[in-house]
Structures are given as structure tokens and as C-alpha cells.
There are 2 protein chains.
Amino acid sequence: MNDQTSKIRLLIADDEHLIRGALEALLGLEPDIEVVASADNGVTAAELAREVQPDICLLDLEMPQADGLDAAKAILEHGSPRIIIVTRHARPGVLRRALAEQVAGFVPKSTPAGELANVIRDVAAGKRYIDPEIAAAALTAERCPLTDRELDALRSSRSTKSVQEIAEQLFLSPGTVRNYLSSAMAKLGASSRHEAADQAWQQGWI
Amino acid sequence: MNDQTSKIRLLIADDEHLIRGALEALLGLEPDIEVVASADNGVTAAELAREVQPDICLLDLEMPQADGLDAAKAILEHGSPRIIIVTRHARPGVLRRALAEQVAGFVPKSTPAGELANVIRDVAAGKRYIDPEIAAAALTAERCPLTDRELDALRSSRSTKSVQEIAEQLFLSPGTVRNYLSSAMAKLGASSRHEAADQAWQQGWI
DNA sequence: CGACACCCGTGACAAATGTCACGAGAATTC
DNA sequence: GAATTCTCGTGACATTTGTCACGGGTGTCG
């Protein structure tokens, strides 16, 4: 791939131009890193990755079109760069899914800026890097106690408002939906379905 | 203050270390800009501003402790730097409040990175800069149709869940609160108070 | 087989929520 | 002064929501 003398070839994807540009500037200062591509959404990130074959892809998790995990999946189908996910809200369940996708690095945006270059070097050297805070949270967080249908109901209840509509979406009777939501709320200790749906989302279960 | 030869003295405040560091790197590359202070919340930003007396303060809107507007207010009590607000979600109402605080610049994080330095120079030269997209949105957006009490109720309903608790917070009867929420929902075309509160927040009314 | 967990549905009930009609007070206008 | 409009407030009402108890069906595991 890249020998001792050549630079680490980096792709950056973030939908906020200001931040992407700033990251380019920050990392461009490093003598052993070269930014070879940048994108503002997951789809073009995947396309660019196929073209330029970078060593490392630095992907923001929250992006329009396709998020960081979608992009990682697409990228790994046509190449084998190392992937680092950057995120604002680090949720345990998301970390699990990221690791399932063979992601090599996972850092929150609260990471000190100086650290990032080191993480990139470590990952380029074949190591993996997981933010210790998030790792701890993911390990202490118990497994999702909800059943599949309960998760379906919660998912629908985030976008839809009335039980009727949720029932129609899932092809169920309204009573059943309320039962699922009720039991989910009981398991999560929430007092409204919105609260329960929020919690489930925070954990990365939906 | 600063004559032709001296650099623009800049304070940066953003709670995400990664972004703050990246911005420092980006702007540090400019020959006529010098980052003299940086903070990760509004309170320390205000304290630092009093100490180092920067020419320009670049404040993120979303910060813990005190947000960008709070910080701007505090800063302007003990000095007269020019303030630039940076934000992820640019809401029309927030722009209005920012202008009321004598803020000199208002840019979203979707601004191209190269632009930012130019904005800083313009503002340092005494001009004002408002992102055209947000300005247009703020001008087309009609004035808030809600009464003061309706706004109070919506504000409370974002943090509190039951009508009872909202009523206690506002020293009102539960029935009155429900009326305010109901009329607010009618005015906004929402079908639940959460939806209405969300809309009002999106517009920057609360 | 029995025990168990999950899926789907029903009916009934209390509490919370949203809607409505109505009234008191203040300000404006004729 | 009377009519009008606006805001703020109260109480009654139907609907929605969340809870509970129950039953039938399916598949898995010991």
C-alpha cells in the first residue's frame, strides 16, 4: 500500500462545509498526512473513495443522503480503506453497529483536536482506536431489552403521531400497537411513547 | 485599537474541541489573524474576553452553561469587541435576537471554510455580515402569531411533560394552560403540543 | 410432551389531552 | 357611554392515551 516515505492519503466527509474545511486545514498541517478527497454527503463520499482509493476515510456520522455507516458499508464494497467514524452524539448502539461494519476508529467531536492526527496515524498503522468514554458506555449499557415489534412501534412513533397511523403503517390493530408501546415504556421507565422513543434512539436501538 | 500593521485578535468559543481546534488551525493560517483565546463554553468565553480584550469574538450558538447569545451579552458589558455568531441550525428568530444584541456577524456552519476569514476581516473593518440565506428566511418568515402566555406555555411544555406541572410552573390552572396550548396548536397547525413546541423552537420563538 | 417466549388481538378502565362555549377585564373606536 | 376587539381565565365535554387482564397462535428448547 503505502511505504514509509509516502503520506497517508485521507478522505474527509462532513456535511458542514465550515468544519470540513477546518479539518482539512488542521490535518493538512501534518507533514505525513495528505487530504486527497472531501465530500459533503455519504453518497459522493463513496464515489470518491472508489476513484481515489484513499488509505483512510474520516466520515461524519450525521450526514444527509447516506450517513456515515451507510457510506462505510458502500465504501468497503469496492476497496479496503480503514474507516474512522466521527460523531457529535456518540450513542452506544451506534458504536456496536459501526464495529459490525469493520470500522477501525470511532471518535466523538469532543476529542481534542491534536489527538485526531495521532488517531489517524494509529489507524493507518493497522491499529484500531475507540474513544474510551464511548467504549465504557457501550460496555456498561445493557443489551436492548425490547422485542422486534416493540422496536418497530417505537420507530414508527417517532415519525407518526397517532396510534391509528402507526397501526396502519405496521398493519396491526390499534390495540396491539398500544400494547407494544406500553410494554416498551414499562421496560424503559418512560411515561410517554415519545420519551420511550427518544431513549431508544439515544441508545442507538432504532 | 489596532492599526494597519497589527493582526486581528480573535477569540474562539465552541464546545466541540475537535472543531475549535480545527478552526484555530484554519484561521491561524491567515497572516492577518491571530487567535488569542479559546473557550469551550459561554461563561469562560466571557471571562477570557474581559481579560484579553480581543477584537473579534467568534461564538458558537449551541454551548453548555451559557449559549452564544448569553455570552455575547456578557461580553459586551465589559468591552466592545465585534461579535460573530456561528450556528449549526440557523433559525430566523435567533437571528432577530442576535441582532438585538448588537451582534455584528451571523454565519451558519454550512458556510464554505474559505469564506470565514473574509467575514472576519469584513467585520473587523467595521462592516456587518449576515448570511444571505438566513436573512431571506428571517424576512419572509411572518412575525410570531402567538401571545406571550402561549409562548410561556410552549416553553414549559418542552421541558415538562404533564399539563399539571406546566400549570404549577406558570402559577395557572391546568385548564388555562390547555387552552393556551390548544390555541397555539391551532395557530401553528400542529396536532400535539410537542409538535407545536417544536415548530415554535424551529422558528426561534422560544 | 410441557415450559417458555414472542406475536397478535380484544375489551374495559382511569387519566391525560384537546376542543369548545362562556365570562371578566383592558384598550380602542364611534 | 356603547360597541368592539383583544387577551387572559374557567369549567364542561369527547377523544386519545396508557394500563391491565385475558386468550389464542406460533416456534424453540429441555
Side-chain angles (χ1 to χ4, degrees), chain A residues 93 96-97 100 141-206, chain B residues 93 96-97 100 141-206:
Chain A
R96 274 207 194 79
R97 276 186 281 166
E142 72 281 13
R143 192 81 199 90
C144 170
L146 302 173
T147 139
D148 285 350
R149 292 309 244 172
E150 286 166 354
L151 289 174
D152 285 341
L154 284 179
R155 222 186 319 273
S156 282
S157 80
R158 269 172 59 83
S159 56
T160 326
K161 47 189 182 305
S162 89
V163 176
Q164 274 292 344
E165 292 169 304
I166 301 173
E168 287 168 20
Q169 276 188 16
L170 301 179
F171 304 101
L172 293 178
S173 99
T176 308
V177 171
R178 276 187 292 156
N179 274 344
Y180 284 143
L181 291 175
S182 182
S183 76
M185 287 160 57
K187 287 177 184 174
L188 299 178
S191 61
S192 83
R193 56 157 169 259
H194 297 96
E195 209 177 309
D198 260 16
Q199 281 193 33
W201 186 86
Q202 296 249 352
Q203 295 287 333
W205 293 333
I206 54 179
Chain B
R96 275 205 194 80
R97 275 186 280 165
E142 73 281 11
R143 191 80 199 89
C144 170
L146 303 172
T147 142
D148 287 349
R149 293 306 245 172
E150 287 167 353
L151 288 174
D152 285 341
L154 284 180
R155 219 185 323 271
S156 282
S157 80
R158 268 174 58 83
S159 55
T160 327
K161 47 184 185 306
S162 90
V163 177
Q164 275 292 344
E165 293 168 303
I166 300 173
E168 287 169 17
Q169 277 187 15
L170 301 179
F171 303 101
L172 291 179
S173 99
T176 307
V177 171
R178 275 185 290 155
N179 269 345
Y180 284 142
L181 291 175
S182 181
S183 74
M185 286 159 57
K187 288 178 184 174
L188 299 178
S191 62
S192 82
R193 58 159 170 258
H194 297 96
E195 210 177 310
D198 259 14
Q199 282 193 33
W201 187 86
Q202 296 248 353
Q203 294 287 333
W205 293 333
I206 55 179

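Each chain gets a letter, A, B and so on, in the order the sequences are listed, and its residues count up from 1.
- The distance between atom CG of B:Leu172 and atom P of C:dA24, rounded to the nearest whole Å, is 19 Å.
- In this structure, of D:dG9, D:dT19, C:dT19, it is C:dT19 that holds the atom nearest to the side chain of B:Met185.
- Heavy atoms only, all atoms of each residue included: B:Arg193 and B:Ser157 are closest at CD-CB, 3.9 Å.
- Proximity of A:Arg178 to the phosphate of D:dT19: no side-chain N or O atom is located under 4.0 Å from OP1 or OP2.
- B:Ser173 comes within 4.0 angstrom of the backbone, heavy atoms only, and of no base.
- Across the protein-nucleic acid pair, B:Arg193 atom CZ and C:dA16 atom P stand 11 Å apart, rounded to whole Å.
- Counting any heavy atom pair closer than 4.0 Å across all strands shown, A:Leu181 reaches no nucleic acid atom.
- If you take CG of B:Asp152 and C1' of D:dG9, they are 15 Å apart, rounded to a whole angstrom.
- At a threshold of 4.0 angstrom between heavy atoms, the contacts of A:Ser191 with the nucleic acid are absent.
- Between B:His194 atom NE2 and C:dT17 atom C1' the separation is 11 Å, expressed in whole Å.
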Quiz prompt | Steps toward side chain to side chain contact (heavy atoms under 4.5 Å, CB included) verdict (A:Arg149, A:Leu172) | solution = CA-CA 11 Å; A:Arg149 292 309 244 172; A:Leu172 293 178; 4.0 Å; yes
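- Looking at heavy-atom distances under 4.0 Å, B:Arg149 makes contact with sugar-phosphate atoms alone, never a base.
- One atom, NZ of B:Lys187, and another, P of C:dG18, lie 17 Å apart when rounded to the nearest Å.
- Counting any heavy atom pair closer than 4.0 Å across all strands shown, A:Asn179 reaches a base atom.
- The CG-C1' distance, from A:Asp148 to D:dG27, rounds to 14 Å in whole Å.
- Within the 4.0 Å cut-off from OP1 or OP2 of D:dC20, not a single side-chain nitrogen or oxygen of A:Ser182 is found.
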